[in-house]
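First up is the structure itself, then whatever we jot down about it.
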Amino acid sequence: MLLTAAKLISTGFFLGFCPVMPGTVGSLAGLGLSFFLNGHSFIQWLILLLLFIAGVWSASAAERALRKNDPPQVIVDEIFAMLLIAAFLPRNTAVLLAAFVLFRVFDILKPPPIKKIQGLHAGIGIMLDDVVAGIYTVAVIQIALKFALKRVS
């Protein structure tokens, strides 16, 4: 029962078994979910907290079950990261699509210290490396928005 729950959560209800780019599929799922949380700040933060805790637990269980570090089927980290990113950006489709692309770049390239963070123990490393990629994404988008606003005014 617990292994089934861990599998459901860690794979984003089996989206992680997509044969092509499961991390991108997970990021898209998180982006889509972010539109449903628009304007519900308490609920949004509660969901993020619960999803982070469930993500650490389920990703750890998936690593043990699959006997592989950060298995590609585990996409709860991408789902969580996109929800987190959306919480810090304007509810604008163009901004969120740009954030999606930028997040995927950071998640794939893993600039320092993301690669090192990914090596942390089990689910915590799986979740935190995407949190840092999300922080990078939000920072770059926020800076770009500030420059864009200055150019307009």
Is [X] isolated, or which residues cluster with it under the ILVMFWY side-chain rule of less than 4.5 Å, directly or via members?
X	result
Leu66	none
Ile53	Leu49
Met21	Val20
Val105	Leu109

Gap between atom [atom2] of [Y] and atom [atom1] of [X] - 0.5 Å precision:
X	Y	atom1	atom2	result
Ile114	Ile108	CD1	CD1	11.5 Å
Ile124	Ser60	CD1	OG	8.0 Å
Leu50	Ile47	CG	CD1	8.0 Å

Starting from Val140, can I reach Leu97 by hopping between I/L/V/M/F/W/Y residues whose side chains sit under 4.5 Å apart?
yes

Applying side chain to side chain contact (heavy atoms under 4.5 Å, CB included), name anything that partners Leu8, two or more places apart in sequence or on another chain.
Phe13, Phe14

The criterion is side chain to side chain contact (heavy atoms under 4.5 Å, CB included); which residues satisfy it with Ala6, sequence neighbours excluded?
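Ala6 satisfies side chain to side chain contact (heavy atoms under 4.5 Å, CB included) with Trp57, Ser58, Ala61 once adjacent residues are dropped.
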
Residues which pass ring pair (Phe, Tyr, Trp, His ring centres under 6.0 Å) with Tyr136, listed by chain and number, not counting sequence neighbours:
Phe106

Filter on salt bridge (charged side-chain N to carboxylate O under 4.0 Å, His left out), then keep only pairs touching residues 117-139, sequence neighbours left out; what's left?
Lys110-Asp129

Contact list for residues 1-29, test salt bridge (charged side-chain N to carboxylate O under 4.0 Å, His left out), sequence neighbours left out:
none

Check: Trp45 ring centre within less than 6.0 Å of Phe52 ring centre
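No, the ring of Trp45 stays outside the 6.0 Å limit from the ring of Phe52, centre to centre.
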
Throw together a table of side-chain donor-acceptor distances under 3.5 angstrom for residues 23-37, partners on residues two or more places apart or in other chains.
from  : atom 1 : to     : atom 2 : distance (Å)
Thr24 : OG1    : Arg104 : NE     : 3.1
Ser27 : OG     : Gly23  : O      : 2.9
Ser34 : OG     : Leu31  : O      : 2.5

What pairs meet the side chain to side chain donor-acceptor pair (under 3.5 Å) rule with one or both residues in residues 11-20, with sequence neighbours excluded?
none

For residues 69-87, tabulate all N or O donor-acceptor pairs below 3.5 Å that involve a side-chain atom, not counting sequence neighbours.
from  : atom 1 : to     : atom 2 : distance (Å)
Asp70 : OD2    : Gln118 : NE2    : 2.6

Which atoms form the tightest heavy-atom contact between Ala59 and Gly123, and what is the distance?
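The answer is CB-CA, 3.9 Å.
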
